[in-house]
Amino acid sequence: MARALAFAWPYAKFCIVGGLFGRTFADWCASVSSVDGESMSPTLDGHQAERMLVEKRCLYTYDFTRGDVVVLRSPRSHREVLVKRLIALPGDWIQVPENQEIRQIPQGHCWVEGDNAANSSDSRSYGPVPLGLMQGRVTHVVWPPQRIRRVDRNMPEGRIMSQ
Amino acid sequence: MSGFFRRLAGIPWRSIAGDAFSRALLVAQAYCAVHVVDQHLCSLAFVRGPSMLPAINLAGDVLAVDRVSARLGRVENGDVVLMISPEDPRKVVAKRVLGMEGDSVTYLVDPGNSDASKTVVVPQGHVWVQGDNIYASKDSRQFGAVPYGLITGKIFCRVSSVIFFAS
């Protein structure tokens, strides 16, 4: 018994240390996540088992730019993680055509929308979301190999008036 | 001059580099272990301010934070939690949970000046947080129910009083 443990210990230690390194790297630098659902097509397509690179350095100072594709915890269910595009930052005035209204984003919040407007439940249903829910920014698609590309930031026209 | 270079060649560079690398690896492993435990298991937090009097001191208390129960969704009414402030994501605040999703919460709108109260139903996926000191606390009465995802840990023990008691 003791011999079996002594034999297995270096492998177990390697796995534990590798796990710690990996977890720390995923928390501080970047991680790879899979896409689920269609709310971001055609930018990100869940049906093709795409994997995206999520960078975490934006979380050090919560420094986001309008048009970034971000990963966030859902305000409706904390276990769910969503991918949306960040349209407006705190203080901006955003025009919501569906409700024919113009809203100001409160301090510490942002407005997120899916690129596939017809098939996305986003800030148009649940309002501005706190920036504290952000979990990272998507910079690249890394799998499958034929779909490797950068995910650019782009903004829908004429929706916001920034301060 | 050539004696200097001969001495330079005689230094065991390989073994020094090997030693330096293994020590750096040890430091990196220690840092990663501390980071994982601090972010995902259990942590210490220094909390100060008037909003949680008398539970937490004005001058500050060191509190033990349980990160596992918050992530597993095991936060209930009455728990003191650490959460990211909905008004500034760079700030972490401590408040008490008074309502989970679906609960109906009645609160005093302006406790110092009037007796008016309001009742709200906490929306899905949100919690209602209030400071124990309702006269000096900025909480859900001002910024509304907050999404559960902002909660980073549940406070279960005050460490500073244990230290003072033991000394």
Side-chain angles (χ1 to χ4, degrees), chain A residues 10 12-29 31 56 58-64 70-82 84 86 89-91 104-110 112 121-123 125-137, chain B residues 22 24-41 43 67-75 81-93 95 97 100-102 122-127 129 138-140 142-154:
Chain A
K13 194 166 128 171
F14 181 76
C15 291
I16 292 173
V17 170
L20 290 178
F21 275 141
R23 186 73 248 187
T24 307
F25 185 82
D27 284 346
W28 282 133
C29 302
S31 67
K56 307 283 167 103
C58 54
L59 298 178
Y60 299 169
T61 50
Y62 285 92
D63 177 25
F64 292 95
V70 292
V71 172
L72 63 146
R73 276 193 201 281
S74 164
R76 291 235 178 98
S77 155
H78 72 282
R79 282 180 232 266
E80 235 181 81
V81 169
L82 312 171
K84 303 283 174 209
L86 195 146
L89 291 174
Q104 188 179 30
I105 313 291
Q107 275 310 305
H109 289 63
C110 62
V112 294
S121 100
D122 46 37
S123 283
S125 357
Y126 41 72
V129 300
L131 279 167
L133 290 176
M134 298 291 131
Q135 301 291 306
R137 173 167 58 197
Chain B
S22 62
L25 202 63
L26 204 59
V27 169
Q29 286 172 12
Y31 171 76
C32 291
V34 168
H35 166 85
V36 168
V37 170
D38 180 72
Q39 287 293 307
H40 301 286
L41 294 178
S43 174
R67 305 237 187 239
V68 176
S69 351
R71 193 54 69 221
L72 292 179
R74 285 203 230 275
V75 167
V81 295
L82 224 54
M83 59 178 222
I84 298 175
S85 163
E87 297 183 323
D88 182 0
R90 287 168 269 223
K91 262 176 40 179
V92 175
V93 298
K95 301 282 177 223
V97 172
M100 302 296 295
E101 68 180 359
V122 181
Q124 181 196 13
H126 287 60
V127 294
V129 293
K138 207 143 182 255
D139 45 38
S140 286
Q142 278 80 35
F143 44 69
V146 301
Y148 187 101
L150 289 180
I151 294 179
T152 55
K154 182 164 94 162

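Chain naming here is simple, since letters A, B, ... match the order of the sequence lines and numbering starts at 1 in each. Computed from heavy atoms alone, side chains included, the values below leave out hydrogens, waters and symmetry copies.
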Top of B/Pro123, B/Ala33, B/Gly149 for chain A proximity - count of heavy-atom pairs under 4.5 angstrom:
B/Gly149

Go through B/Ser85, B/Cys32, B/Ala28 and name the one with the most non-hydrogen pairs under 4.5 angstrom from chain A.
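Among the listed options, the one with the most contacts to chain A is B/Cys32.
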
Shortest non-hydrogen separation from [X] to [Y] and the atoms involved:
X        : Y       : result
A/His78  : B/Arg71 : NE2-O, 3.7 Å
A/Gly132 : B/Pro89 : N-CB, 3.8 Å
B/His35  : A/Thr24 : CD2-OG1, 3.7 Å

Here the gap from B/Gln124 atom CD to A/Arg76 atom CZ, rounded to the nearest 0.5 Å, amounts to 6.0 Å

Applying a strict 4.5 Å limit to non-hydrogen atoms, the region of B/Phe143 in contact with chain A is neither

Decide yes or no on side-chain contact (heavy atoms from CB on, under 4.5 Å) for A/Arg23 and B/His40, but give the supporting numbers first.
CA-CA 10 Å; A/Arg23 186 73 248 187; B/His40 301 286; 3.6 Å; yes

Given the options A/Val17, A/Asp27, A/Leu131, A/Thr61, which has more heavy-atom pairs under 4.5 Å with chain B than any of the others?
A/Asp27

Please look at A/Phe21 and chain B and tell me whether the side chain, the backbone, both or neither of the residue comes under 4.5 angstrom of a heavy atom of that chain.
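Looking at A/Phe21, backbone and side chain both touch chain B.
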
Region of A/Pro75 that comes under 4.5 Å of a non-hydrogen atom in chain B
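Its backbone and side chain both get close to chain B.
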
Are A/Pro130 and B/Ile84 close enough that some pair of their side-chain heavy atoms sits under 4.5 Å apart?
no

Is it true that, when you exclude A/Tyr60 itself, more than 12 heavy atoms of the residues, nucleotides or ligands shown sit nearer than 6.0 Å to its OH?
yes

